[in-house]
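Just below is one structure, and these are the notes that go with it.
Chain naming here is simple, since letters A, B, ... match the order of the sequence lines and numbering starts at 1 in each.
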2 protein chains.
Amino acid sequence: MPEPAVADPATGLLPEPARDELRLEHVLSALSDPLRLSIVQAYLRDAGGEERACGWFKIDRPKSTRTHHWKVLRESGVVRQRQVGLERRNTVREADLDARFPGLLDLVRAWRPAD
Amino acid sequence: MPEPAVADPATGLLPEPARDELRLEHVLSALSDPLRLSIVQAYLRDAGGEERACGWFKIDRPKSTRTHHWKVLRESGVVRQRQVGLERRNTVREADLDARFPGLLDLVRAWRPAD
DNA sequence: CCGCTAGTACGAGTTGCATCGTACTACGGT
DNA sequence: ACCGTAGTACGATGCAACTCGTACTAGCGG
């Protein structure tokens, strides 16, 4: 059922799990990848709560790889994606994650990459 | 280098990452498996801080599968394993995890399995 | 209308992980 | 000495995930 992943015509929101559908194991799995961890951290630290398109995060990978990681983040419920014209604008679902998994995002904020 | 994984002759401790070597991404990866999540939760809830052998956790899987999961938990730093005669006694490394990733174990305690 | 741009979709290659069977080792008891 | 027990080690299988190239689509500007 998660086929072409079409945005809601009214809000532009792409399909995502509701707050009470969030699964800790899925969120942890999404965050267990260092690249995605750095993406989420960048949103938390540098986006100032504003929506940022995928291209805002600087990363030396082909576009298809980027699409993949943002999709994993959205389907696990970590980020929300809203289609606006050409771009998909992203935000971390801080309220939902804080409600369901308090403290988790603080760990992401404090994370330091290995290298 | 992580070969037969021999226990320290003095303490019985099996090799594990030091507190400052713990990596958030590895810990999250270890905890992103529902089976391991339920294992860690059982230790936190029902072990009363005591050491428990692998066989203490009731699970309908062959022994080799069990060994695998406890190894993942140890190598990521979530549990400590101490060889005592025949058994390997396990504890969750609460102090280390609370120091490095405060709040994380609370999420595990509060977790509810999907089914 | 043409081209640029942001991004998706699809498919392939590769790697890693979960699962499990089998064989094995080491300790403890009788 | 024998056997049961607790667990590891190894190897195979199957599946899911990461990576990426290529082709494609939808807006927007001129």
Side-chain angles (χ1 to χ4, degrees), chain A residues 1-9 12-16 23 25-39 51-76 78-90, chain B residues 1-9 12-16 23 25-40 51-76 78-90 114:
Chain A
M1 71 239 212
E3 290 329 303
V6 64
D8 182 299
L13 280 184
L14 281 102
E16 64 179 27
R23 300 287 325 156
E25 58 269 37
H26 296 162
V27 172
L28 295 186
S29 176
L31 294 177
S32 68
D33 183 278
L35 183 51
R36 288 194 291 265
L37 210 39
S38 65
I39 291 170
E51 290 182 321
R52 303 290 181 184
C54 313
W56 167 80
F57 184 81
K58 290 315 174 200
I59 169 185
D60 188 21
R61 299 287 164 83
K63 293 189 291 182
S64 49
T65 299
R66 290 228 306 263
T67 300
H68 165 70
H69 286 294
W70 264 266
K71 181 181 178 185
V72 171
L73 289 172
R74 174 175 52 83
E75 292 184 342
S76 66
V78 175
V79 307
R80 167 166 295 140
Q81 292 191 295
R82 197 165 63 87
Q83 190 87 36
V84 179
L86 270 183
E87 10 176 85
R88 293 191 174 178
R89 300 197 181 150
N90 305 274
Chain B
M1 70 237 217
E3 289 330 301
V6 65
D8 182 300
L13 279 185
L14 281 101
E16 65 179 26
R23 300 287 324 156
E25 58 270 37
H26 296 161
V27 172
L28 295 186
S29 176
L31 294 177
S32 67
D33 182 277
L35 183 51
R36 288 194 292 264
L37 209 39
S38 64
I39 291 170
V40 176
E51 291 182 320
R52 303 290 181 186
C54 313
W56 167 79
F57 183 81
K58 290 316 175 201
I59 169 185
D60 189 20
R61 299 288 163 83
K63 294 189 290 182
S64 48
T65 299
R66 290 227 306 261
T67 300
H68 165 71
H69 286 296
W70 263 266
K71 181 182 178 185
V72 171
L73 289 172
R74 175 175 53 82
E75 292 184 342
S76 66
V78 175
V79 307
R80 168 167 294 140
Q81 292 190 295
R82 198 164 64 86
Q83 190 85 36
V84 179
L86 270 183
E87 7 176 86
R88 293 191 174 179
R89 301 197 181 151
N90 304 275

Heavy atoms, side chains only, cut-off 4.5 Å: are [X] and [Y] in contact?
X	Y	result
His26(B)	Val78(B)	no
Arg36(B)	Leu31(B)	no
Gln81(B)	Trp70(B)	yes

### Query
Toward the 5' end of DNA chain D, which comes first, Gln83(B) or His69(A), by nearest nucleotide?
Gln83(B)
### Task
Applying salt bridge (charged side-chain N to carboxylate O under 4.0 Å, His left out) between Glu16(B) and each of Arg80(B), Arg88(B), Arg82(B), report the one that passes.
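By the salt bridge (charged side-chain N to carboxylate O under 4.0 Å, His left out) criterion, Glu16(B) pairs with just one of Arg80(B), Arg88(B), Arg82(B): Arg80(B).
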Any side-chain N or O of [X] below 4.0 angstrom from OP1/OP2 of [N]?
X	N	value
Thr67(A)	dT8(C)	yes
Arg88(B)	dT8(D)	yes
Ser64(A)	dC20(D)	no
Arg36(B)	dA18(C)	yes

Rounded interatomic separation in angstrom, taking [atom1] from [X] and [atom2] from [N]:
X	N	atom1	atom2	value
Lys63(B)	dA26(C)	NZ	C1'	12 Å
Leu14(B)	dA9(D)	CG	P	9 Å
Ile39(A)	dC18(D)	CD1	P	11 Å
Gln81(B)	dA6(D)	CD	P	16 Å
Trp56(B)	dG7(D)	CH2	C1'	18 Å
Leu37(A)	dC18(D)	CG	P	13 Å
Asp33(A)	dA17(D)	CG	P	12 Å
Ile59(A)	dT19(D)	CD1	P	8 Å

### Query
Mapping His68(B) and Ala53(A) onto DNA chain C by nearest heavy atom, which one lands closer to the 5' end?
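Of the two residues, Ala53(A) wins.
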### Query
Looking at dT19(C), dC20(D), dA26(D), which one has an atom nearest to any side-chain atom of Leu86(A)?
dA26(D)
### Query
Any idea which of dG7(C), dG7(D), dT19(D) is nearest the Cys54(A) side chain?
dG7(C)
### Task
Could you walk me through whether Glu51(B) and Asn90(B) pass the side chain to side chain contact (heavy atoms under 4.5 Å, CB included) test, one step at a time?
CA-CA 5 Å; Glu51(B) 291 182 320; Asn90(B) 304 275; over 6 Å; no
